[in-house]
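Encoded as C-alpha cells, the structure appears first; notes follow it.
Given the structure is predicted, the values throughout are model-derived calculations rather than measurements. Lettering follows sequence order; numbering is per chain, from 1.
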There are 2 protein chains.
Amino acid sequence: MADLVYKNVMQDLKRRINDGQYPDKRLPDERSLSDAYQVSRSSVKRALNVMAQQGIIFKKRGSGTFVNPLYLKNKAVFSYEGRNLGLTDSMRVDGMKPGIKLLDFQVIPATPELQQDLFLTDDDFVYQIKRLRLLDEQPVMIETGFIPIKIMPELSSNVVSGSIFNYLEDIKHVSVTKSFMTVAAEPSTEQDQELLSLKPNEPVGVMSGIFFLDDGTPFEVSNMRVHYQYMKYNTFMDLDAD
Amino acid sequence: MADLVYKNVMQDLKRRINDGQYPDKRLPDERSLSDAYQVSRSSVKRALNVMAQQGIIFKKRGSGTFVNPLYLKNKAVFSYEGRNLGLTDSMRVDGMKPGIKLLDFQVIPATPELQQDLFLTDDDFVYQIKRLRLLDEQPVMIETGFIPIKIMPELSSNVVSGSIFNYLEDIKHVSVTKSFMTVAAEPSTEQDQELLSLKPNEPVGVMSGIFFLDDGTPFEVSNMRVHYQYMKYNTFMDLDAD
DNA sequence: TTAGAAAATTGGTACGACCCAATTATCTGA
DNA sequence: TCAGATAATTGGGTCGTACCAATTTTCTAA
C-alpha cells in the first residue's frame, strides 16, 4: 500500500498484536523498535501515536507501551481502517446485503440553512436525494441528502441509486474522510412508520450531519431517520491534545 | 498553562482566527510561522496537525493552510477544549443548572459482562450507581454506572451525589479523556416514562459506553437513558491516519 | 497571445540529536 | 533487612536538516 515508513511500522505492529505476540500486553520500548525496524525513533513514535489515537495501545511515560485489552476483545468497534464514512460500507454488518431504493431525486435552490452549511450563495442549487436504505430487503432508514450541483454537475439518477461515496472514490479519486454528526432520537412520524414498518410507539434514530471532502470542502448535508433496531452509532473519543 | 511550544502556537493561532485576522481564510505558510514565532517548523507543524485533527483548519499540499469556514460559523460544535467527558460539564448548556438525584448506590459482584468490559475477574466487586440527572429541576436522564471498587475504594454516597469525574480531577488528579460510546434509540419503558415524564409513544436515547483513565485503565461502564428532547450527541470525525 | 515548460511555493515525510520527566530497578548504608 | 538515595529505563518535547510531492506562479518560445 502506501510506502510510508510509519505506516509500515503500524501495519507490522498491528499484525503482531493480533497474532498475540505480546502476551503480557507490553510492547518493546521505542528505542528497541527503532533498532529492530531500522527506522528512526521519530517514525516509531509517529506510528505509536496514531495507534494510541485509534485506541489500540496506550502509553505511559517511564513505564512502557501497552496493548489496550479491549482492542483484542472487541476489535469490531475499533478502527475504521480502510473504510470511508459511507453507509454502504458501515452497514455491511452480519453479512447482510445492503440495498437502495431511490424515492426522490431533484434539483432545488439552496435554502438559507443549506447555504450556511454547504458554504453556498443565493444563486446556488443543490440536488435533493431521498433514498430508502435496505438490509436484506428490509427497510432500515430514510436518507435525505443535499449536494451542491457545482461540486458534482454530472450526478445522475443512476449513480444516485448506488453508493455516492464509492462513486467518488472509484471515479473521481477523492474520498470523504471528515464529518460532523449529530445523533438524536425522535418519535416516529406516520411516514416513518409506513416506510420503515414501525409501530406507532416505536421511535427512529436521527443522524444528521455534514460530510467533507479531503480538502475541507463541505460536500453533503445528510439527514437519516433510522429504524431504532438498526441504529447503533459507535465512537471512540480521545480528548488528549495529541 | 502548559509551557509547551506547540500549545502556545496553537493558542495564539486560535486567538487570531477567532479575532478574524485571516479574512481570506488563509494562514501564513509554515516557514513564515516558524520564523514569526521563533520556533522550529516541526513545532509549527505539530500545532497545525492538532488543529487540523480538531477540524479547525485544513491543509492542502502545495496550496496552503485554511480556516474551516464552519469553525467560525458554528464554534459551539467544535473542540472540547479544557473539558472532560463528564456530563456535568457537557450538559451545562443554555445556562441551565444541572442537578443529580441519587436513586441507588450499592456494591455488587461483577457480572461476566462487566468483568469483560472492566477487565476484572470473578472475585471483583463493583459499585452500582443509579442516578437521575436534572436540568433546571427537570429530569432528563437515568444513568446507571459501574465502577470497580479496587479503583476507587473510598467512594462515598456523598461523592456519588456530585460529579465523579470532577472529583477524580480535583482530588486524585487523574482525568478521563478516553471513551467508547454506542448511541442508540429505544421505546421508553414504564420506568423511563415515570422517571422522565415521558408519554408512552415518546422514546429515549440510549448512550452506553466505557470510560478510561489516562493510562488506559477501564474506569466505568455507563448506561444512560436520555429524554429524547435532551439527547443530542455531537461528533467530529476525521479518518485521516494522522 | 497563449500553451507548455520551468521555477518557486507550500505542505509531507523522515532522520537524528539533545534534553526533560515519570517510572522502575538497583544500590547503599544504617 | 529495608528504607531511602541513586541509577537506569522509558516515553515526551523541541530543534534543525534534508529531501519529496502537489500546486501555483512565472517564464519562454512558437
Original post:
Considering only side-chain heavy atoms of B:Ser43, which listed nucleotide, D:dT14, D:dG12, C:dA14, is closest?
Top reply: D:dT14
Original post:
Looking at B:Lys60, does any N or O in its side chain come under 4.0 Å of the phosphate oxygens OP1/OP2 on C:dT10?
Top reply: no
Original post:
Between A:Gly62 and B:Arg41, who's closer to the 5' end of DNA chain C by nearest nucleotide?
Top reply: B:Arg41
**OP:** Verify whether the ring centers belonging to A:Phe66 and A:Tyr22 lie closer than 6.0 Å.
**Re:** no
Subject >> Heavy-atom neighbours of B:Glu113 CD exceed 12 at 6.0 Å >> reply: no
Original post:
For the ring pair A:Phe180 and A:Phe211, is the centre-to-centre distance below 6.0 Å?
Top reply: no
Subject >> Nucleotide nearest A:Arg61 when distance is taken to its side chain, options C:dC20, C:dG11, C:dT13 >> reply: C:dC20
Original post:
Which of these nucleotides, C:dC15, D:dG12, D:dC15, is closest to any side-chain atom of A:Ser40?
Top reply: C:dC15
**OP:** Specify the residue among A:Ser42 and A:Leu48 whose closest nucleotide of DNA chain D lies further upstream toward the 5′ end.
**Re:** A:Leu48
Original post:
Is there a residue in residues 22-34 of chain B whose heavy atoms reach under 4.0 Å of DNA chain D, and which residues are they?
Top reply: none
Original post:
For C:dT10, does either OP1 or OP2 sit under 4.0 Å from a side-chain N or O belonging to B:Lys59?
Top reply: no
Original post:
Just how far, in rounded Å, is C1' of D:dT14 from CG of B:Asn8?
Top reply: 13 Å
**OP:** Would you mind checking if B:Glu30 and B:Lys45 are paired as a salt bridge, meaning a charged N to carboxylate O distance below 4.0 Å?
**Re:** yes
Subject >> Atom-to-atom span, NZ of A:Lys45 to C1' of C:dA21 - whole angstrom >> reply: 12 Å
Subject >> Partner residues of B:Tyr167 under the side-chain hydrogen bond (donor to acceptor under 3.5 Å, both in side chains) criterion, sequence neighbours left out >> reply: B:Glu154
Original post:
Has B:Ser63 got a side-chain N or O lying under 4.0 Å from the OP1 or OP2 atom of D:dA22?
Top reply: no
Original post:
Is the shortest side-chain N to carboxylate O distance from B:Asp19 to B:Arg15 below 4.0 Å?
Top reply: yes
